[in-house]
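One structure below.
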Protein chains: 2
Amino acid sequence: MNEAYRSGCPINLTLEVLGDRWSLIVIRDIMFGNRRHFRELLQNSEEGIASNILADRLKRLVERGLLSRGDDPSHKQKGIYSLTEMSIRLVPIFAEMGAWGRRFMPVSEELSIRAQLLEEGGRPLWEDFMAELRVLHLQAPRDPGKPSVFDRLRAAYLEVVARNAAVADAAE
Amino acid sequence: MNEAYRSGCPINLTLEVLGDRWSLIVIRDIMFGNRRHFRELLQNSEEGIASNILADRLKRLVERGLLSRGDDPSHKQKGIYSLTEMSIRLVPIFAEMGAWGRRFMPVSEELSIRAQLLEEGGRPLWEDFMAELRVLHLQAPRDPGKPSVFDRLRAAYLEVVARNAAVADAAE
DNA sequence: TCAACTACTTGCTTTTTGCAACCGGTTTAA
DNA sequence: TTAAACCGGTTGCAAAAAGCAAGTAGTTGA
């Protein structure tokens, strides 16, 4: 538990908290996949995180204020991990990282449709999405007029999956 | 040299290239500090990077297309590292990371003034800055009408340093 | 009562990081 | 002309982190 930072540069400090291969992956799955339990994060992990790494990252992220852990009333052993304002405000970073990855890396269509929508929607969409995450994770009151960005991202993803499955079937 | 990626998710792919504690630090120093030689990056490093790590990261970043290495005609041994379009397009990510770090981490005033200006300037300023980086690193033609964002960021930093030095003097 | 499920933990190996010293070639200044 | 300083690294070693597979103690539902 060494709390001495390398420097006071904002880029560096952000990197000291999030600059590893797993922290942002965990937050991404909670944020975009709404995975709230340990098992969900472990077993549905696209990248195959190991259980000890996941346990360590959840602990660190809670310690550093990026996640909070609550008890699930329906199951004494289950914990529920929630985003905090600190991690909800990562949405613009995720959006920019997604846009950069889409431009320069060999992304798959299925997994990049969300990034595309976030990029196209721009900052107004990010704000709507963050407001919605506050409803889901911080018990903020829901704005009844707003359609769900979360659902829209999810629907777009499922649509691509279904379309590609149909194409794969037709090819056989 | 294992080129198998963990997944095709844009966030994950960006993380696989940049998700460590040093790669973005190196790019930051080249981008905002205009440090182009190995020694400059090593000795002026705010965070104290080790020479073997620096050598390794420069090599990897060149391999992956985020930097290019050219010879310095004035010195047979010197290499000049330049940004590429791929790394210039990281400006929005740096800006968002800087804004997040400023909001949630214990940043120092001196090192965060640039992040503040980038945040306040918004995307139009980022575009001007990227255009200027293309002039500095990719031999793009200079737009004569534009004042230099790079110089403006640098001047603001030096001003804060000078002001804080004066305050420190007065306190003695 | 028992199998399946819960959130982890443990032990071990491999990989990465970090430190310090060192290297041969190049430039510069006396 | 020669020595000191500078150049971009490399090497060897220790410590830390990541990754894998197996295991644990408690909980739940049939």
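In what follows, chains carry the letters A, B, and so on, assigned in the order in which the sequence lines appear, proteins first and then strands, with residues in each chain numbered from 1. Below, each value reflects all heavy atoms present in this structure, side chains not excepted, and no hydrogens, waters or symmetry copies.
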### Summary
Sorted by chain and number, sequence neighbours left out, side chain to side chain donor-acceptor pair (under 3.5 Å) with A:Asp72 holds for A:Ser74

### Task
Would you kindly compare A:Ile53 and B:Ala55 by the position of their nearest DNA chain D nucleotide and give the one closer to the 5′ end?
B:Ala55

### Spacing between A:Asp56 atom CG and C:dT10 atom P, to the nearest angstrom
13 Å

Interface polar pairs with nucleotides 2-5 of chain D, N/O, under 3.5 angstrom:
none

### Query
Among all residues two or more places apart in sequence or in another chain, which pass the salt bridge (charged side-chain N to carboxylate O under 4.0 Å, His left out) test with A:Arg163?
A:Glu109

### Query
What residues, two or more places apart in sequence or in another chain, satisfy salt bridge (charged side-chain N to carboxylate O under 4.0 Å, His left out) together with B:Arg28?
B:Glu47

Which donor-acceptor pairs under 3.5 Å do the side chains of residues 90-102 of chain A make with protein atoms, sequence neighbours left out?
residue	atom	partner	partner atom	Å
A:Glu96	OE2	B:Arg123	NH1	3.3
A:Glu96	OE2	B:Arg123	NH2	2.6
A:Trp100	NE1	B:Met86	O	2.8
A:Arg102	NE	A:Glu119	OE1	3.4
A:Arg102	NH2	A:Glu119	OE1	3.2

### Query
Of all the choices, D:dG9, D:dA22, D:dT10, which nucleotide is nearest to the side chain of B:Tyr81 once you look at every atom?
D:dG9

### Residue-phosphate contact under 4.0 Å: A:Arg39 side-chain N/O, C:dC8 OP1/OP2
no

#### Entry: Consecutive-pair stems (3 or more, Watson-Crick or G-U, under 3.5 Å) for DNA chain D
C:1-30 with D:1-30

### Message
Among residues at least two apart in sequence or on other chains, which ones pass salt bridge (charged side-chain N to carboxylate O under 4.0 Å, His left out) with B:Arg103?
### Response
none

### Query
Listed in order of residue number, which residues of residues 11-36 of chain B have a non-hydrogen atom at under 4.0 Å from DNA chain C?
B:Trp22

### Task
Just jot down the side-chain contact (heavy atoms from CB on, under 4.5 Å) partners of B:Asp71, sequence neighbours excluded, or say none.
B:Arg69

### Message
Do B:Leu41 and B:Ile80 land in one hydrophobic cluster if side-chain heavy atoms of ILVMFWY residues count as linked below 4.5 Å?
### Response
no

### Query
Got a sec, which residues hit side chain to side chain donor-acceptor pair (under 3.5 Å) with B:Glu120, two or more places apart in sequence or on another chain?
B:Gln116

### Message
Within a 6.0 Å radius of atom CZ on A:Arg134, are there more than 12 heavy atoms belonging to other residues, nucleotides or ligands?
### Response
yes

### Task
Return the 5'-most residue of the pair A:Arg6, A:Leu58 with respect to DNA chain C, ranking by each residue's nearest nucleotide.
A:Leu58

### Query
Mind checking what makes side-chain contact (heavy atoms from CB on, under 4.5 Å) contact with B:Asp128, not counting sequence neighbours?
B:Lys146, B:Val149

### Query
Taking only N and O in the side chain of B:Arg69, is any of them less than 4.0 Å away from OP1 or OP2 of D:dG9?
yes

### Task
Rounded off to whole Å, could you give me the CG-to-P distance for the A:Leu41 and C:dT6 pair?
12 Å

### Task
Round to a whole Å and report the spacing from NZ of A:Lys78 to C1' of C:dC8.
15 Å

### Query
Between A:Phe38 (CZ) and D:dT24 (C1'), how many Å, whole number?
13 Å

Give each protein N/O atom lying under 3.5 Å from an N/O atom of nucleotides 27-30 of chain C, with the pair distance.
residue	atom	partner	partner atom	Å
C:dT27	OP1	B:Lys76	N	2.9

